[in-house]
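Proteins come first, then strands; the chains are lettered A, B, ... in the order of their sequence lines, and each starts at number 1.
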Amino acid sequence: MSASYAVELVSVTKRFGEVVAVRDMTLRIPDGEFFSLLGPSGCGKTTTLRMIGGFEMPSRGEIFIGGEPQGYRPPYQRPVNTVFQSYALFPHMTVYENVAFGLEMRGVSREDIRRRVAEALDMVRLAGMERRRPSQLSGGQQQRVALARALINRPKVLLLDEPLGALDLKLRKAMQLELKQLQHRVGITFVYVTHDQEEALTMSDRIAVMNHGLVLQVGTAEEIYEHPNCRFVADFIGETNFLHGTIAGRRQGALEVTLDVGGTVLAQAGQDIGRGQPVTLAVRPERVRLSPGLPGGEVNALSGTVEDVVYTGVATTYWVALGQGERLMVRQQNEQIGAGPVAERGEKVTVSWPVDAASVFAQASEAQAQAAPEAGA
Amino acid sequence: MIETLRRRPGLQAALLIFPAASFLVVFFLMPLFIVVAYSFLERGKYGGVVWSFTLENLQRAVDPLYFNTFLRSARIAGLTTVICLLIGYPLAYLIATQSDRRRNFLLLALMIPFWSNFLVRTYAWLTLLRTNTGLINVTLMGLGLIREPLPLFGNDFAIILGLVYGWLPDMVLPLYAALSRLDPSLLEAASDLYAPGRRVFTRVVWPLTLPGVAAGSILVFIPSLGAFITPALLGGGKSLMIGNVINNQFLAAHDWPFGSALSTIMIGLMLLATLAYFRLVRRRG
Ligand SMILES: Nc1ncnc2c1ncn2[C@@H]1O[C@H](COP(=O)(O)OP(=O)(O)OP(=O)(O)O)[C@@H](O)[C@H]1O
Ligand SMILES: [Mg+2]
C-alpha cells in the first residue's frame with residue numbers, strides 16, 4: 001500500500017456480537033490532512049477511531065498507518081496518539097508529569113523531556129501550569145493538556161474523539177480555530193470525530209459522512225454540502241428542502257423531473273436514473289429565489305403561497321406552500337437595513353432556483369441504503 | 001423557628017448532628033475512655049478496679065514478656081495483611097472487570113461464607129487442620145502420600161491461614177470499590193502513550209487504587225492484631241497473640257487494669273496505623 005497515505009482502511013468491518021458497528025469501510029487519508037468522521041450518534045465513528053488507535057481490533061479488513069499494516073498491534077506500538085473525549089488526564093500526576101508521560105515511557109532522556117515539555121506547553125499556551133493537577137484546571141485548559149500530551153510524541157497521526165464536546169459554545173468556537181491552526185503548524189494528520197456538522201465543515205480538509213456503520217460520502221466541505229450523493233447526506237449537512245417527483249427524461253445534460261406538486265424542473269444528474277423512476281429532489285433554502293407574482297416562464301419556477309415569514313437577523317426565512325402538503329423553505333439574506341420582507345404572509349409568490357442547485361436521488365436506492373447498504377466511498 | 005434556622009445554617013447543622021453525635025459519645029467514646037482510665041487504676045480482688053492512681057500497669061505492659069507478644073502479634077497481623085493483599089488485589093481486579101451480572105454474583109459468593117458464625121467457621125478449619133485427626137492429614141496419609149502428619153495446626157501457619165480466611169473480604173471490598181471507580185480510559189491513555197501493561201499497572205492503576213489498598217490493609221490489620229478466637233482455636237493453646245493475653249486478664253486473671261493497659265497500647269498502635277493511612281491518602285489525593 002502506498003506510503004503517501006497516513007492512514008488507510010481497507011474493507012474494515014467491526015462486529016460486536018450481533019451489532020455491526022462498522023461495515024466494510026475503505027478510507028484513504030493522505031499525509032497532513034485534517035480528516036473528519038461525521039455522523040449521528042451510534043454510527044460507528046468512535047469504533048473506527050478506536051480501531052486505528054489499536055483499542056479495538058477489526059473483525060475483518062486491514063488498517064495501514066504510514067503504509068504499514070497494523071495487524072493486532074497494541075496501542076503502545078502504533079505511531080498514533082489519541083485525545084480522548086473525556087481527556088483521560090492522569091489525576092494523580094501534575095500537568096508536567098502528564099505531558100512527559102509518553103516520552104518517559106519511550107526512555108527519552110531527562111533533559112530532552114524537560115525541553116520538549118516546555119515547548120509543548122508553550123505551543124498550547126499553558127506555560128507556567130506545570131505543577132498544577134488536572135483537577136485544578138478549567139475544561140479548556142484540560143483539553144489543551146490532553147493535546148500537548150499527545151502531540152509531544154510527534155505521532156504520525158493524531159486521533160481526536162469529539163475533543164470539544166465538553167466545552168461551552170464560545171470556547172468551542174475558539175478552540176476549533178486554534179486546533180485548525182495548530183494542525184497546520186505541526187503538519188500532523190488529524191483524524192477528528194464529531195457529530196456536529198458545522199464543526200466538521202469549519203475545520204476539515206475532507207469529511208467522511210457516516211451512517212449505520214457505513215461511509216456514505218467522502219469529500220471536501222463544499223463537495224458534500226453542494227453535491228450530496230444521497231438523501232441522508234443532504235439532510236444531515238445543513239438544511240434542505242425535499243420535493244418528490246418522477247424522472248421525465250433528459251434535457252440539455254440535465255435530468256427533467258415532474259414534481260408531485262405539479263410543474264417540471266431541471267436538476268443536475270448525480271447518478272444515472274432511468275425514466276419513470278420516483279425520485280427525491282433536494283434544494284438548499286438559500287439557493288431558492290423568491291419573487292412576487294406568478295412565474296413568467298423561467299426554468300425551475302413554481303408558484304406557491306407564503307405561509308410564514310421569520311426574521312432571524314442575518315436572513316429572513318419564508319415558508320412557501322406548494323400544495324399537496326409540500327412546503328419549501330426559502331432563506332434570503334438581509335443585505336440592506338429596512339428593506340422589509342419581499343413577500344407577506346398569504347401572498348402568491350414564485351420560487352425558483354438554478355439548475356445546479358438541486359440534487360436528485362432515486363427513491364429506491366434510498367430505501368436500499370437504509371436497509372442493507374452497500375459501501376460507497 | 002424555621003426562619004431562625006434558615007438564617008443560621010450553623011445551628012441547623014448542630015441540631016441535625018446532635019442525635020448521631022450523642023450516640024457516638026455515649027456508646028463509643030465513653031467505653032474507650034473507661035478502658036484508658038482503667039489502665040491507670042489498681043486491680044480489685046475479684047475483678048473490677050480500685051480507685052487509686054498507678055503507672056504500674058503500663059510499665060508491666062511494656063515488659064519484654066508482653067512486649068514480645070505484641071511484636072509477634074504485629075508480625076502475624078502484618079503477614080496476614082500482606083497475604084490478603086496479594087490474594088485480594090487480583091481477585092478484586094477480576095471481579096471489577098466482569099459484566100454487571102457476574103460481578104454481583106462473585107461479590108455474593110465472596111460474602112456467603114460470612115453469613116455463618118465466625119466461631120463455627122473457625123471450628124470447621126479446626127476439623128480440617130488438626131494434626132492427627134484433621135481431614136487433610138488423614139486423607140493424605142490414607143492415600144499414602146505422606147508418612148508423618150503435616151504441621152498444619154497449633155502454629156503460626158494455622159493462625160495466619162485462619163486470619164486470612166476471616167478477613168479477606170475486608171481487603172477485597174475496598175479494593176473492588178477503588179478498582180471499579182477507575183476510569184478505563186485512563187488505562188487506554190497510558191497504553192496509547194507507549195506504556196506496556198506492566199507499566200500501566202505500576203504508573204496508573206496502582207497509584208490510583210492506593211487509597212483502597214490502604215483502607216483494605218487497615219481493615220485487615222486491626223482485627224488481626226487484636227484477634228483472639230483464631231489464635232485460641234487454631235494456635236492449639238501454644239501459639240498466643242496479644243488478644244488472648246488481654247482476654248485472659250479480664251476473664252481468667254481478673255486483672256482489669258492490666259488488661260486495659262494492654263488494650264490502651266494496642267489502641268495506640270492502631271491509631272498510628274490509621275494516621276499513616278490518612279497521610280498516604282492525602283498525599284495522593
Ligand atoms: N464495546 C461494544 N460492545 C457492543 N457494542 C458496541 C461497543 N462499542 C460500540 N458498540 C455499538 O457500535 C455502534 C457504534 O458505536 P460508536 O461508539 O462507534 O458510535 P459513535 O458514532 O461514536 O456514536 P456517538 O456519537 O454517540 O459517540 C453502536 O451501535 C454501539 O452501540
Ligand atoms: Mg463516539
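- Between A:Met105 and B:Leu193 the shortest side-chain heavy-atom distance does not fall below 4.5 Å.
- In A:Arg60, the CZ atom is not crowded: 12 or fewer heavy atoms of neighbouring residues, nucleotides or ligands sit closer than 6.0 Å.
- Applying the 6.0 Å contact sphere to OH of B:Tyr165 captures more than 12 heavy atoms from other residues, nucleotides or ligands.
- Proximity of a side-chain donor or acceptor of B:Asp192 to a complementary backbone N or O of A:Pro75 within less than 3.5 Å is not detected.
- Atom CZ of A:Phe16 has more than 12 neighbouring heavy atoms from other residues, nucleotides or ligands inside a 6.0 Å radius.
- Using a 4.5 Å heavy-atom cut-off against chain A, the contacting residues of residues 177-189 of chain B are B:Asp183, B:Ser185, B:Leu186, B:Glu188, B:Ala189.
- Few gaps surround CZ on B:Phe114; more than 12 heavy atoms of other groups in view lie less than 6.0 Å from it.
- Residue A:Arg78 touches chain B through its backbone alone, counting heavy-atom pairs closer than 4.5 Å.
- The environment of B:Phe118 atom CZ is dense: over 12 non-hydrogen atoms of other residues, nucleotides or ligands sit within 6.0 angstrom.
- The contact between A:Phe90 and chain B is made by backbone and side chain atoms together, counting heavy-atom distances below 4.5 Å.
- Within 6.0 Å of CZ in B:Arg101 there are 12 or fewer heavy atoms belonging to other residues, nucleotides or ligands.
- For A:Lys180, the NZ atom counts as densely surrounded, since its 6.0 Å shell holds more than 12 non-hydrogen atoms of other residues, nucleotides or ligands.
- Annotation: A:Arg106, atom CZ; neighbour count of heavy atoms from other residues, nucleotides and ligands within 6.0 Å is above 12.
- Residues A:Phe101 and B:Arg203 are in side-chain contact: their nearest non-hydrogen atoms beyond the backbone lie under 4.5 Å apart.
- Chain B forms more heavy-atom pairs under 4.5 Å with one residue of A:Val80, A:Thr82, A:Leu103, A:Ile152 than with any other, namely A:Thr82.
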